[in-house]
Engineer: 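One structure, as structure tokens, below. Some questions next.
Because the structure is a prediction, the values reported are computed rather than measured. Just so you know, these numbers use all the heavy atoms, side chains as well, and skip hydrogens, waters and symmetry mates.
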Amino acid sequence: MQKKLKDQKLNKKKIGKLYICDLLEDKMKKKIQYILILCALLSCSAFAQNPELITTVSKNKLGLNQRLKIQFTVNKQGADNFDPPNFKNFQIVSGPSQAISQSWINGQASFSQSYTYIIKPLKKGEFLIPYASIKLNNKVLKSKPVKVIVLDEVEIPKDPNDPNYIAQQNVHLVAEISKSSPYVGEGIYVEYRLYVSQNISVRDFSYTESPQYNGFWNQDIKIRGLNAKNGTYNGEQYRYVVLQKALLIPTKSGKLTIDPIKMDIVIGVPTGRGDFFGNPIVRNVTKSFASAKKFIQSKALPIEGKPESFNGAVGDFNFIVSSSKNILKSNESATVSVKVTGNGNLKLFELPEIKTPSELEVFTPEQKEKITINSRGIKGSVTKNYTVVPQFKGKYKIPSTEFSYFDLKEKEYVRLTSEDLFVEVLEGKELVTDSDVTSNSKKEIIVTGNNFKYIQTNSSFYLAKKSNFYASKLYYIMLILPLLFIPIGIVIARKNKARSNDVLGNRLRKADRLAKKYLSEAKKQLGTKEAFYVALEKALHNYLKAKLRIETSDISKEKITELLKTEAVHEDDINSFIDVFNSCDMARYSPVTAVEMKDDYEKSKAVITQIDKQL
């Protein structure tokens, strides 16, 4: 009996273990199925994009002596048998160089395989580079042809890697206008854009000259932040920001000029080298840029069909004349409003005036404007409110008023006429007619009190009292006062002479003033790491440029050391000067406290003072 019980317990344990194992196997199978389904979905979403072979060029316009980079990229894995186009009228300088890129970002996979050529044009003209092809899963993918314009030879510097040349070629300050031939009174926009290529960066900029809008009514449009966007300039891909935008309305016809905007821009140009941490080393170059002049051919409004009521309104408007009250008593006021609403040059024309009967007293009108000026134009309303006060009982008519404007869409004048207004005065004095007027008889003038008198016909004059200046206190004070300034002048002259003879003191004071002058911008930026060290480095360069009369932005620290040695500057001062440069470089890649920035500022001030005493 005991043996049977043991067998039953053993069987139950076996059955339990088998049941648990089955459950675990089922769970593992389900998990594997879920993982496989998830991988399949992700792979489908990652590679659901259509296969394409895309052609990109470094520039669409180039000089005869320049080179062009052309790249063919396929976005699907497994493509093979690339067939390049026929580069007729071009010489292949290098290529093809192949590159493969694959990434997985936020669950999205991307793949690209590229073939790159460097080609050189053989002659001037406009050429079409044909399509390239590649096979993918027994299907042939073809790229689109690309148009390239080859112009005359351009000036190329001896060193194509010169940072100044690279900065000049990769940054463009452009003024873009919305319309080049508007009517007088028609609003257009000018937008100043800074185009920057993908390879370089802008560290800082400042405006040196603002544009002038002679012949235009203008209004700046507020830009909310400098947001970078992608765009094309001369057929090439660039990033750009909108720096300024303005609404311009021509006030006269003919050729009008929009003067350029001028800026100084600090540009970070890669040197092709890396620092200790592997970050690319960038050289800052300051360049001056100016946008090109823009010319506007403003058209006069047509003479034909121009109504007499036209007063310069251009756009699309509505016109209404209304009264706050139509029934009132004598000496009770009413407001007659003349209102124009719509889009157009609301600030550049006068509203028409109403005509009222002489029995209604009209006061000087009050004008109110509710106008919004933004990137969509001028929109709103202009209202002129007349206060009207009747003097006599009766019913009076305010005749209709006409308003006209030039419609830009239809290119014709539009007339708008208000309805007649009637004002009824229920109480008040009766209007006196001609039959009630009696003749006035001339009466003698009666003088009452001192209110009115006849004009006086004779006058009496008396000699004014005169005082003797020579015997006055003021005379003696003015006589003695110059004598008191003589000893004061002697003391001041002696002090100035002693100060001028102190050669060492003068040199120290001059050097200290010079150091403060060059480091003034860096002092303003204390506390802001990036801006402070850029200003500090710029101040050191400017100091050397002024004292040694050289261009220091493109020379190394070794060259600076050599130049200072030739000027007989002490070696300790030279080392201190170079140490400040090294601090500027290291501060860009490591955290710096405000105390350290203050120390670097004081070191710079001291070393400039010491070097200036020796130059």
Engineer: First locate atom CG of Asn343, then atom CD1 of Ile378, and finally report the distance between them rounded to the nearest 0.5 Å.
Structural biologist: 9.5 Å

Engineer: Does either side chain, that of Thr73 or that of Ser114, offer a donor lying less than 3.5 Å from an acceptor on the other one?
Structural biologist: no

Engineer: Look at the side chain of Gln66 and the backbone N and O of Gly63, then say whether any donor-acceptor pair between them is shorter than 3.5 Å.
Structural biologist: yes

Engineer: Answer yes or no: is there a side-chain heavy-atom contact under 4.5 Å between Phe403 and Ser309?
Structural biologist: no

Engineer: Answer yes or no: is there a donor N or O on one side and an acceptor on the other, between the side chain of Tyr115 and the main chain of Ala99, under 3.5 Å?
Structural biologist: no

Engineer: Measuring only between side-chain heavy atoms, which start at C-beta, is Val425 closer than 4.5 Å to Tyr396?
Structural biologist: yes

Engineer: Do the side chains of Lys293 and Thr257 get nearer than 4.5 Å, heavy atoms only?
Structural biologist: yes

Engineer: Where is the tightest heavy-atom contact between Leu151 and Lys124, given as atom of each residue plus distance?
Structural biologist: O-CG, 3.6 Å

Engineer: Quick one: are Phe317 and Leu346 in side-chain contact, heavy atoms under 4.5 Å?
Structural biologist: yes

Engineer: Tell me, please, whether Phe422 has Lys395 positioned over its six-membered ring: NZ or CZ under 6.0 Å from the ring centre and within 45 degrees of its axis?
Structural biologist: yes

Engineer: Looking just at side-chain N and O atoms, do Tyr238 and His172 make a donor-acceptor pair shorter than 3.5 Å?
Structural biologist: yes

Engineer: With ring-ring contact (aromatic ring centres under 6.0 Å, His included) as the test, pick out the partner of Tyr413 among Phe310, Tyr405, Tyr183.
Structural biologist: Phe310

Engineer: Indicate, with yes or no, if the rings of Phe72 and Tyr131 have centres closer together than 6.0 Å.
Structural biologist: no

Engineer: Does the Thr251 side chain pair with the main chain of Gly215, one donor and one acceptor, at a distance under 3.5 Å?
Structural biologist: yes

Engineer: Would you check if the side chain of Asn345 reaches a backbone N or O of Pro250 as a donor-acceptor pair within less than 3.5 Å?
Structural biologist: no

Engineer: Taking Ala132's backbone N and O only, do any of them form a donor-acceptor pair with Ser143's side chain (distance below 3.5 Å, no angle check)?
Structural biologist: yes

Engineer: Applying side chain to side chain contact (heavy atoms under 4.5 Å, CB included), can you list everything that pairs with Thr335, at least two apart in sequence or on another chain?
Structural biologist: Ser324, Ser337, Asn385

Engineer: Looking at every non-hydrogen atom in both residues, tell me the closest pair between Leu248 and Asn218 and how far apart they are.
Structural biologist: CD2-CB, 3.5 Å

Engineer: Consider only side-chain N and O atoms of Ser298 and Ser253, and report whether a donor and an acceptor are under 3.5 Å apart.
Structural biologist: no

Engineer: Indicate yes or no: at least one non-hydrogen side-chain atom of Met263 is less than 4.5 angstrom from one of Leu173.
Structural biologist: yes

Engineer: Write down the atom of Ser181, the atom of Lys299, and the distance for their closest heavy-atom approach.
Structural biologist: O-CE, 3.3 Å

Engineer: Does any non-hydrogen side-chain atom of Gln237 lie less than 4.5 Å from one of Thr232?
Structural biologist: yes

Engineer: With no hydrogens and no angle check, is any side-chain donor or acceptor of Asp420 less than 3.5 Å from a backbone partner on Ser400?
Structural biologist: yes

Engineer: Is the backbone N or O of Lys262 less than 3.5 Å from a side-chain atom of Thr208, with the two atoms forming a donor-acceptor pair by type?
Structural biologist: yes

Engineer: Atom CD of Gln219 and atom CH2 of Trp217: how far apart are they, to the nearest 0.5 Å?
Structural biologist: 5.0 Å

Engineer: Please check this pair: side chain of Asn75 against backbone of Glu52, looking for a donor-acceptor N/O pair closer than 3.5 Å.
Structural biologist: yes

Engineer: Of the non-hydrogen atoms in Glu126 and Ile149, which two are nearest, and what is the gap between them?
Structural biologist: CG-CG1, 4.0 Å

Engineer: How far apart are the C-alpha atoms of Tyr117 and Phe87, what are their side-chain angles, what is the distance that settles it, and do they pass the ring-ring contact (aromatic ring centres under 6.0 Å, His included) test?
Structural biologist: CA-CA 10 Å; Tyr117 292 84; Phe87 292 109; 5.3 Å; yes

Engineer: Within 45 degrees of the ring normal and closer than 6.0 Å to the centroid, is that where the cationic atom of Lys255 sits relative to Phe295?
Structural biologist: yes

Engineer: Look up atom CG in Asn284 and atom CD1 in Ile265, then write down how far apart they are to the nearest 0.5 Å.
Structural biologist: 13.0 Å

Engineer: Report the relative orientation of the aromatic rings in Tyr195 and Tyr240; use parallel for angles under 30°, tilted for 30 to 60°, perpendicular for over 60°.
Structural biologist: tilted

Engineer: Can you check whether Ser197's main-chain N or O pairs, donor with acceptor, with Arg239's side chain at less than 3.5 Å?
Structural biologist: yes

Engineer: Is it true that the side chains of Gln71 and Thr116 contain a donor and an acceptor less than 3.5 Å apart?
Structural biologist: yes

Engineer: Not counting sequence neighbours, which residues clear salt bridge (charged side-chain N to carboxylate O under 4.0 Å, His left out) with Lys347? List them please.
Structural biologist: Glu369

Engineer: Mark yes or no for whether Asn311, through its side chain, and Glu350, through its backbone, hold a donor-acceptor pair below 3.5 Å.
Structural biologist: yes

Engineer: With a 4.0 Å cut-off on N to O distance, would you call Glu353 and Lys355 a salt bridge?
Structural biologist: no

Engineer: Might you point out which heavy atoms bring Asn86 and Pro130 nearest each other, and give the distance in Å?
Structural biologist: O-CD, 3.5 Å

Engineer: Between Tyr213 and Asp259, is any pair of side-chain heavy atoms under 4.5 Å apart?
Structural biologist: no

Engineer: Side-chain contact test, heavy atoms from C-beta onward, threshold under 4.5 Å: evaluate it for Ile249 versus Leu348 and give yes or no.
Structural biologist: yes

Engineer: Can you name the closest pair of heavy atoms from Leu243 and Ile223 and give their distance?
Structural biologist: O-CG1, 4.1 Å

